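On a predicted model such as this, the values are computed, not experimentally measured, just so you know. Chain letters run A, B, ... following the sequence lines, proteins first, then strands; residues in each count from 1.
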Amino acid sequence: MRGGWTLVWNELARGLEAALRAAGVDAGVALERIEWAVPRDRAHGDWTTNVAMTLAKGARRPPRALAEALAAAFPLEESPFRAVEVAGPGFLNFRYKEEWLAALPDRILAEGAAYGRSDRGAGTRVLVEYVSANPTGPMNVVSARAAAVGSGLVRLLDAAGHAPASEFYVNDSGNQVDLLGESVAARFAERIGESRPLPEEGYRGEYVRELAARLPEAEARAALSRADGASWFRDRALELVVEWQKSDLAAYGVTFDRWFRESSLHPGAVERTLALLEARGVTYRAERPEGVTEAAEARVKAEAGAAGGSGIATWLRTSAHGDSMDRVIVRSDGRPTYLLPDIAYHADKRERGFRHAINLWGPDHHAYVATLGAALRSLGLEPDFLHVLIVQQVNLLRDGQAVKMSKRAGEFDTLRDLLDDVGADNAKFLFLMRSSSSHLDFDLELAKRQNDDNPAFYVQYAHARIRSVLRKAAERNLAPAEGAGTALEAGPEVALARQLATWPELVRGAAAAREPHRVPAYLVETSAEFHRFYHECRVVGDDVAVSRRRLRLCAAAAQVLRNGLALMGVTAPERLERAAEASA
RNA sequence: GCGCCCGUAGCUCAAUUGGAUAGAGCGUCAGCCUCCGGAGCUGAAGGUUACAGGUUCGACCCCUGUCGGGCGCACCA
């Protein structure tokens with residue numbers, strides 16, 4: 001084990017290995033698959049494992065008997081545990097030594113911001129791509145959710161010992177940006193009193209006029225009269241929108257290691273990828289797909305009669321890797337479809353050394369997961385290279401009523417609107433609170449509330465409250481105890497210390513499952529545990545020894561809250577100002 | 001028609017990758033401030049995990065089917 005991290009599961013694994021040897025069980029590779037958990041029910045101890053049940057069959061011993069043997073052979077003396085019990089069908093339940101818990105606040109404070117970090121990810125390089133909103137307009141609230149989840153996931157992976165990088169894929173080729181350029185050109189013409197039609201499918205939002213107003217006028221006038229002026233407007237509009245997106249995300253506290261331009265893949269990487277696919281023999285030229293599942297068959301027939309079947313195209317055999325049908329990668333007119341540069345982009349990620357690509361996509365792309373995954377496998381990438389997280393839609397509510405979002409009219413709630421309304425901390429906390437795969441009701445009023453209706457506030461309040469107590473203690477020249485404290489008092493003190501002890505495991509598990517929403521849930525629990533402790537235990541009191549011990553525990557709790565909030569990109573305030581007007 | 005996601009307390013959501021008696025917040029009801037931040041805390045009520053089968057020591061989780069909701073099914077991106 002590298003580093004000085006407090007990792008209870010390392011202690012457990014070491015002890016268990018010894019116990020297995022002593023019990024004559026050859027766990028072999030199974031040891032890697034053993035699950036350790038903090039039981040939901042505290043009556044079941046501080047840590048539990050089902051190892052006896054999972055190894056029983058291989059060891060040809062009844063789970064209960066195996067558990068008894070392991071419990072007897074577990075070297076408790078040098079472990080953080082005073083007892084191990086066998087329960088139920090064969091669970092092994094461990095209980096902390098009092099002195100181990102009493103010393104925990106010291107370790108937490110010594111490790112500081114590193115408490116909770118581990119090397120379990122073994123430095124695996126992971127590229128997290130998120131938001132990647134089309135550079136054609138303002139970002140919406142789903143992008144805000146993706147930004148919160150994506151940046152949180154990157155920090156979480158880093159804390160768990162992976163080597164993550166973040167990327168925003170700028171879709172700067174194709175019809176959409178051409179249309180944006182045309183739309184801006186039309187609005188610029190309108191601005192200077194000339195006539196240039198807004199394209200049928202053009203962008204009509206008010207922001208297009210704002211973009212037009214920010215163009216350098218002389219150059220824009222010149223471009224307007226040139227035959228090839230459209231590309232000038234497209235390029236300028238694109239740069240303005242990308243800068244706009246960058247600054248909005250920065251205001252939200254979200255930055256990326258790289259903004260990757262799709263245009264950089266054309267034509268070199270795209271052509272190389274096509275050649276590679278052809279060399280692997282996974283493409284063919286035809287008018288119709290050859291590989292089609294029975295389910296998609298009817299649809300293909302229907303399409304053939306309609307607009308489709310317009311000539312000989314190049315197809316990729318994605319159906320060989322689980323897609324419902326083969327897909328066109330080069331149209332009959334020779335232009336690549338969106339799929340080909342996407343494959344090239346992901347091949348590029350792999351070539352850059354990333355072992356996993358985690359993509360956060362909107363709900364409208366979930367059908368594409370199977371297609372891209374199959375395409376990458378047909379290129380020879382590892383089956384587990386691509387991992388897509390669907391970030392589900394957000395329903396904005398105001399006092400329980402749906403807020404209307406009409407994209408057509410250009411009147412929709414943008415990421416910026418959201419920030420201005422509820423603030424970055426509240427937005428991020430609430431977005432991260434829920435599993436990203438489930439639809440989210442986001443109540444704008446609740447998000448601004450300064451009480452425990454609002455979990456972001458609740459956790460920040462707990463932190464500020466602790467800092468306030470520490471300040472109060474300092475006024476009385478009371479400092480937290482140094483060195484190993486005396487044993488904690490049974491009840492709230494021990495309960496709080498136990499809660500703090502599980503933080504590293506929470507980080508590890510959340511990172512492994514790629515579920516950042518476990519972090520805010522843990523922080524809410526920890527805050528509640530602190531408030532309970534605070535309510536029952538006078539911290540700054542007459543007994544100096546007790547005061548200093550409790551201050552130490554408080555400081556450790558604040559450290560854990562701060563570490564958790566940092567993973568979410570949420571601030572941990574030293575004090576909270578009371579809202580100007582109290583609620584009536 | 002086909003595919004994917006979802007269905008958990010009145011509401012919004014969890015449930016440590018198949019673990020022990022399914023938990024939080026809100027809302028409802030009943031309590032707690034001579035004292036460190038009451039912006040808080042305690043307790044109660046509230047469940048056939050949509051439904052029906054199956055798999056096994058054990059199922060909200062996996063499999064099959066049914067019902068209900070969302071999304072997607074271009075040589076668009």
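The side chain of A:Thr371 contributes no N or O atom lying less than 4.0 Å from OP1 or OP2 of B:rG3. Under 4.0 angstrom from either OP1 or OP2 of B:rC73 there lies no side-chain N or O belonging to A:Ser324. Between B:rG37 and A:Arg575, no contact under 4.0 Å exists linking OP1 or OP2 to a side-chain N or O. Between A:Arg335 and the phosphate of B:rA74, there is no side-chain N or O to OP1/OP2 separation shorter than 4.0 Å. Contact check, A:Tyr458 against B:rC41: a side-chain N or O comes under 4.0 Å of OP1 or OP2. For B:rC76, one of the phosphate oxygens OP1 or OP2 lies less than 4.0 angstrom from a side-chain nitrogen or oxygen of A:Arg331.
The side chain of A:Ser468 sits closest to B:rG37 out of B:rG19, B:rA39, B:rG37. When distances are taken from the side chain of A:Val539 to each of B:rU17, B:rG37, B:rC36, the shortest belongs to B:rC36. Distance from the side chain of A:Ala512 is smallest for B:rU17 among the nucleotides B:rA77, B:rU17, B:rC36. For A:Asn451, whose side chain is taken as the heavy atoms from C-beta onward, the closest listed nucleotide among B:rC36, B:rU16, B:rG40 is B:rG40.
Distance CZ (A:Arg532) to C1' (B:rU42): 10 Å, rounded to an integer number of Å. We find that NE2 of A:His531 is positioned 12 Å from P of B:rG25, with the value rounded to whole Å. The interatomic distance linking A:Leu446 (CG) with B:rG25 (P) rounds to 14 Å, in whole Å. In this structure, A:His44 atom NE2 and B:rA20 atom C1' are separated by 5 Å, rounded to whole Å.
In this structure, a donor-acceptor pair under 3.5 Å is present between the side chains of A:Thr526 and A:Gln499. A:Tyr96 and A:Trp47 share a side-chain donor-acceptor pair at under 3.5 Å.
For A:Asp543, the side chain to side chain contact (heavy atoms under 4.5 Å, CB included) partners are A:Ala545, A:Val546, not counting sequence neighbours. Evaluation of the side chain to side chain donor-acceptor pair (under 3.5 Å) rule for A:Arg285 yields A:Thr314 as partners, not counting sequence neighbours.
If you check every strand for non-hydrogen atoms under 4.0 Å, A:Ala510 touches nothing.
In this structure, A:Tyr461 forms no aromatic stack with the base of B:rG37, since the conditions of centre separation below 5.5 Å and plane angle below 30° are not both met.
Around CD of A:Glu85, the count of heavy atoms belonging to other residues, nucleotides or ligands within 6.0 Å exceeds 12.
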Please write out the pairs of protein N or O atoms and N or O atoms of nucleotides 4-12 of chain B separated by less than 3.5 Å, giving the distance to one decimal.
from  : atom 1 : to       : atom 2 : distance (Å)
B:rC4 : O2     : A:His366 : NE2    : 2.9

Please tabulate, one pair per line, each protein N/O and nucleotide N/O from nucleotides 32-35 of chain B that are separated by under 3.5 Å, including the distance.
from   : atom 1 : to       : atom 2 : distance (Å)
B:rC35 : O2'    : A:Arg538 : NH1    : 2.9
B:rC35 : O2'    : A:Arg538 : NH2    : 3.1
B:rC35 : O2     : A:Arg538 : NH1    : 3.0

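Sorted by first and then second residue, the pairs that involve residues 335-346 of chain A and meet side chain to side chain donor-acceptor pair (under 3.5 Å), not counting sequence neighbours, are A:Glu167-A:Tyr345, A:Asp333-A:Arg335, A:Asp342-A:Tyr368, A:His346-A:Lys349, A:His346-A:Asn359.
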Practice task
Both distances under 3.5 Å, Watson-Crick or G-U wobble: on that basis, could you give the dot-bracket string for RNA chain B, with [ ] for crossing pairs and | for other-strand partners?
Solution key: (((((((..((((.....[...)))).(((((.......))))).....(((((..]....))))))))))))....
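Between A:Leu156 and A:Val507 the shortest side-chain heavy-atom distance falls below 4.5 Å.
Salt-bridge annotation for A:Arg95 and A:Asp46: absent, with no side-chain N of the basic residue lying under 4.0 Å from a carboxylate O of the acidic one.
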